[in-house]
Amino acid sequence: QVQLVESGGGLVQAGGSLTLSCAASERSFSNYAMGWFRQVPGKEREFVAHISWNGIGTYYADSVKGRFTISRDNAKNTVYLQMNNLKPEDTAVYYCAARGGISRYIAPEQYDYWGQGTQVTVSS
C-alpha cells in the first residue's frame, strides 16, 4: 500500500502562486508514475498533470499548460505541483495519485492510490 499525503494548499489571490507537495510512504516511490487531479463539488475529478516514474516524461491538461509545473524528487519520495498565475477557476481540492507503469496516465480510474486532498482557493 502506498500512502500519499498532500500539503501546501491555501488561499491565494488571482495571479499568485502556490506549490503543492505530495509525500509518499513507499520506499519504492521511484517505481510509480504520479498524477495530480482536482475536483470541485458536483463535478468529476479532473486531470491536471502527470509525471513518469523517472521524472523525464510530463504531461499537462490544456487548462494549466504553461502555468503549472509537475516535478518529483525520488530521494525524498515527493512529487510537487508548482502553480503560477493562478486563476479563480483553479479553485478546487487537489489530489495526488500513484500507480505503477511506464505509460502516460490521465484518467482517475487508471490510478491505484490517492491522497486525501488539499484545498486551493483563488480569490478574484
Side-chain angles (χ1 to χ4, degrees):
Q1 285 284 351
V2 179
Q3 293 184 328
L4 303 172
V5 179
E6 301 97 335
S7 61
L11 173 64
V12 64
Q13 288 188 333
S17 299
L18 279 176
T19 299
L20 304 183
S21 299
C22 172
S25 63
E26 179 61 46
R27 283 183 293 179
S28 58
F29 172 75
S30 60
N31 293 337
Y32 291 87
M34 301 296 295
W36 284 98
F37 292 78
R38 63 188 183 187
Q39 190 170 23
V40 298
K43 291 192 174 182
E44 294 185 351
R45 196 162 293 189
E46 175 190 26
F47 169 76
V48 174
H50 163 272
I51 189 165
S52 62
W53 64 274
N54 58 6
I56 293 176
T58 58
Y59 185 72
Y60 299 91
D62 287 343
S63 58
V64 306
K65 201 173 296 182
R67 300 188 297 123
F68 290 12
T69 302
I70 188 171
S71 62
R72 67 189 296 161
D73 185 339
N74 286 344
K76 295 183 178 180
N77 288 2
T78 302
V79 63
Y80 305 96
L81 186 68
Q82 172 69 42
M83 306 185 293
N84 297 326
N85 190 21
L86 283 160
K87 304 175 181 181
E89 52 264 42
D90 295 318
T91 295
V93 177
Y94 282 72
Y95 299 88
C96 69
R99 66 154 290 157
I102 61 173
S103 297
R104 176 189 295 171
Y105 307 105
I106 64 172
E109 57 269 25
Q110 293 179 301
Y111 286 83
D112 298 315
Y113 306 102
W114 292 86
Q116 82 291 346
T118 185
Q119 176 71 47
V120 171
T121 303
V122 184
S123 64
S124 57

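Model, not experiment: these values are computed from the prediction.
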Trainee: Just grab all the disulfide (SG to SG under 2.5 Å) pairs involving residues 9-101, residues at least two apart or on different chains.
Mentor: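 Counting only pairs at least two positions apart or across chains, the disulfide (SG to SG under 2.5 Å) contacts touching residues 9-101 are C22-C96.
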Trainee: Using 0.5 Å steps for rounding, measure from the CD1 atom of I102 to the CH2 atom of W53.
Mentor: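 The CD1 atom of I102 sits 9.0 Å away from the CH2 atom of W53.
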Trainee: If a pair satisfies ring pair (Phe, Tyr, Trp, His ring centres under 6.0 Å) and one of its residues is in residues 62-101, list it, with sequence neighbours excluded.
Mentor: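 Checked against ring pair (Phe, Tyr, Trp, His ring centres under 6.0 Å) - neighbours excluded - no pair reaches residues 62-101.
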Trainee: For residues L18 and L86, report the shortest heavy-atom separation together with the two atoms involved.
Mentor: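 Heavy-atom minimum between the residues: N-CD1, 3.9 Å.
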Trainee: Go through the structure and list residues passing ring-ring contact (aromatic ring centres under 6.0 Å, His included) with Y111, not counting sequence neighbours.
Mentor: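 With neighbours one apart ignored, the set is F37.
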Trainee: Counting only heavy atoms not in L11, do more than 12 fall under 6.0 Å of its CG?
Mentor: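 Yes, because the 6.0 Å sphere around CG of L11 holds more than 12 heavy atoms from other groups.
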Trainee: Quick one: which residue pairs count as a disulfide (SG to SG under 2.5 Å) with a foot in residues 27-74, not counting sequence neighbours?
Mentor: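 Qualifying pairs: none.
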Trainee: Looking at Q119 and V93, what are the two nearest heavy atoms and their distance?
Mentor: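 That would be OE1-CG2, 3.2 Å.
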Trainee: So, the side chain of T58 versus the backbone of I51: is there a donor-acceptor pair under 3.5 Å, distance only?
Mentor: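 A pair under 3.5 Å: no.
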Trainee: How far apart are the closest heavy atoms of F29 and N74, and which atoms are they?
Mentor: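 F29 and N74 have their closest heavy atoms at CE2-OD1, 3.2 Å.
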Trainee: Where do V64 and V48 come nearest, in terms of heavy atoms and distance?
Mentor: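 In this case the closest contact between V64 and V48 is CG2-O, 3.5 Å.
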Trainee: Holding to side-chain hydrogen bond (donor to acceptor under 3.5 Å, both in side chains), I want the full list of residues that pass it with Y32, two or more places apart in sequence or in another chain.
Mentor: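 For Y32 there are no side-chain hydrogen bond (donor to acceptor under 3.5 Å, both in side chains) partners, ignoring immediate neighbours.
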Trainee: With sequence neighbours excluded, give me every salt bridge (charged side-chain N to carboxylate O under 4.0 Å, His left out) pair touching residues 71-88.
Mentor: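 Output for this query is empty, none listed.
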Trainee: Taking L81 as the starting point, is it possible to reach I106 by hopping between hydrophobic residues whose side chains are less than 4.5 Å apart?
Mentor: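 No, no single cluster joins them.
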Trainee: Kindly determine whether M83 and W36 satisfy side-chain contact (heavy atoms from CB on, under 4.5 Å), including the steps that lead there.
Mentor: CA-CA 12 Å; M83 306 185 293; W36 284 98; over 6 Å; no
Trainee: Go through the steps to decide whether E46 and S63 satisfy the test side-chain contact (heavy atoms from CB on, under 4.5 Å), and finish with yes or no.
Mentor: CA-CA 11 Å; E46 175 190 26; S63 58; 4.0 Å; yes
Trainee: Can a donor-acceptor pair be found, under 3.5 Å and without considering hydrogens, that links the side chain of Y105 to the backbone of A98?
Mentor: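 No, Y105 side chain to A98 backbone: no donor-acceptor pair under 3.5 Å.
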Trainee: Considering residues at least two apart in sequence or located in another chain, which fulfil the salt bridge (Lys or Arg N to Asp or Glu O under 4.0 Å) criterion with K43?
Mentor: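 Not a single residue meets the salt bridge (Lys or Arg N to Asp or Glu O under 4.0 Å) criterion with K43.
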Trainee: My understanding is that only residues two or more places apart in sequence, or in another chain, count here; which of them pass side-chain hydrogen bond (donor to acceptor under 3.5 Å, both in side chains) with T118?
Mentor: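 Residues passing side-chain hydrogen bond (donor to acceptor under 3.5 Å, both in side chains) with T118: none at all.
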Trainee: For L4 and A24, work out which heavy atoms get closest and say how close.
Mentor: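 Closest heavy-atom pair between L4 and A24: CD2-CB, 3.6 Å.
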Trainee: Only pairs at least two apart or in different chains count here, so list each salt bridge (charged side-chain N to carboxylate O under 4.0 Å, His left out) that has a residue in residues 95-110.
Mentor: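 Every pair satisfying salt bridge (charged side-chain N to carboxylate O under 4.0 Å, His left out) with a residue in residues 95-110: there are none.
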Trainee: Measure the spacing between CE of M34 and OG of S52 and express it to the nearest 0.5 Å.
Mentor: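 It comes to 12.0 Å.
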Trainee: For atom CD of Q3, decide whether the heavy atoms of other residues, nucleotides or ligands shown that lie under 6.0 angstrom number more than 12.
Mentor: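 Open: at most 12 neighbouring heavy atoms sit under 6.0 Å from CD of Q3.
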Trainee: Going by side-chain hydrogen bond (donor to acceptor under 3.5 Å, both in side chains), name the pairs with one or both residues in residues 14-25, residues two or more places apart or in two chains.
Mentor: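 Passing the test, one end in residues 14-25: S17-N84, T19-Q82.
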Trainee: Compare every heavy atom of V40 with every heavy atom of T91, then report the nearest pair and how far apart it is.
Mentor: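 Distance-wise, the nearest heavy atoms are O-CG1, 3.1 Å.
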Trainee: Who pairs with S30 by side-chain hydrogen bond (donor to acceptor under 3.5 Å, both in side chains), at least two apart in sequence or on another chain?
Mentor: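 Residues passing side-chain hydrogen bond (donor to acceptor under 3.5 Å, both in side chains) with S30: none at all.
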Trainee: Closer than 3.5 angstrom, by distance alone: can the side chain of E6 be matched with the main-chain N or O of Q116 as a donor-acceptor pair?
Mentor: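 Yes; at least one donor-acceptor contact below 3.5 Å.
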Trainee: Residues in side-chain hydrogen bond (donor to acceptor under 3.5 Å, both in side chains) with D90, at least two apart?
Mentor: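 With neighbours one apart ignored, the set is R38, R67.
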